[in-house]
Amino acid sequence: MRILLVEDDTLLRAQLRNALHGAGYTVDEADNGRDAQFLGDTEAVDAVVLDLGLPVVDGLTVLKRWRAEGRNMPVLILTARDNWHEKVAGIDAGADDYLTKPFHLEELLARLRALIRRASGQASAVLQCGDWSLDTRSGRVTCAGQPVTLTAHEYKVLDYLMHRPGVLVSRAELTEHIYAQDFDRDSNTIEVFVGRLRKKMLPPAASSAALADSARIETVRGMGYRLVPP
Ligand code: CA
């Protein structure tokens with residue numbers, strides 16, 4: 001898989017390059033918007049990591065041009081801290097995901113994997129893990145074919161985990177994706193949501209055979225949670 005890395009901060013770009021290489025990606029690089037646009041137009045990239053604050057041509061303009069040209073590769077934008085306007089503009093311009101600086105390299109890699117997985121058609125709009133099913137279009141959740149009613153927060157926790165079966169997701173990461181910008185973020189409530197999910201996402205006939213077919217959410221002590229397929 002090939003990643004176009006666009007970042008004008010030399011140090012950060014080097015860190016990202018090393019992380020991407022370490023994850024087995026081929027990396028093309030640009031440190032300004034003009035070169036980024038050229039590479040995105042001419043190279044077969046599987047995904048783009050795009051800083052928005054760039055010299056020559058800003059990242060948002062580059063992204064808008066790509067989308068106007070019909071280039072639909074997944075784009076993960078990098079935004080400045082405390083600039084929620086940038087996130088909104090980037091997503092409206094066609095970004096598939098964003099990260100706010102500073103960020104953990106592990107999180108960037110996890111997000112890229114998800115973008116590529118979706119773009120490559122390995123994940124349908126209906127996420128499936130064992131007997132658990134989540135339709136990202138309708139929000140319908142089922143367990144062993146039976147509909148399950150979740151609160152908005154429970155749904156968001158499950159949605160995030162279902163996109164990443166088998167992947168360790170930290171509480172902090174979950175928290176970031178569940179609360180709006182101005183919401184009072186308390187990562188302890190994540191534990192409550194997960195506890196409720198575990199109770200709700202049980203097969204109707206809780207026999208050992210049914211449970212063996214069921215997915216589950218594993219707690220990794222001190223780290224976070226992992227959705228485990230049967
Ligand atoms: Ca920048």
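Each ligand, and each atom within it, is numbered from 1 in the order the structure gives.
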Note to self: I'd like to know if D31 and R17 make a salt bridge, using a cut-off of under 4.0 Å between side-chain N and carboxylate O.
What the structure shows: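 Looking at R17 together with D31, the answer is no, because their closest N to O distance does not fall below 4.0 Å.
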
Margin query: I'd like to know if D9 pairs up with K101 as an ion pair, taking the criterion as any Lys NZ or Arg NE/NH1/NH2 lying under 4.0 Å from an Asp or Glu carboxylate oxygen.
Written below: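 A salt bridge is absent here (no side-chain N lies under 4.0 Å from a carboxylate O).
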
Next item on the list: Ignoring hydrogens and angles, state whether a donor on the side chain of R171 or T189 is under 3.5 Å from an acceptor on the partner side chain.
Entry: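 T189 and R171 do not have a side-chain donor-acceptor pair below 3.5 Å.
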
Next item on the list: Return the name of the atom in D51, of element N, O or S, nearest to the Ca ion (ligand 1).
Entry: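 Within D51, restricted to N, O or S, the Ca ion (ligand 1) is closest to atom OD2.
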
Item checked: Heteroatom N/O/S of D8 within less than 3.0 Å of the Ca ion (ligand 1) ->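 Yes - counting backbone and side chain alike, D8 has an N, O or S atom under 3.0 Å.
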
Check: Do any N/O/S atoms of G53 come under 3.0 Å of the Ca ion (ligand 1)?
Finding: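 G53 does place an N, O or S atom closer than 3.0 Å to the Ca ion (ligand 1).
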
Checklist line | pair L161-V157: side-chain heavy atoms closer than 4.5 Å | finding: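 Touching, per the 4.5 Å side-chain cut-off.
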
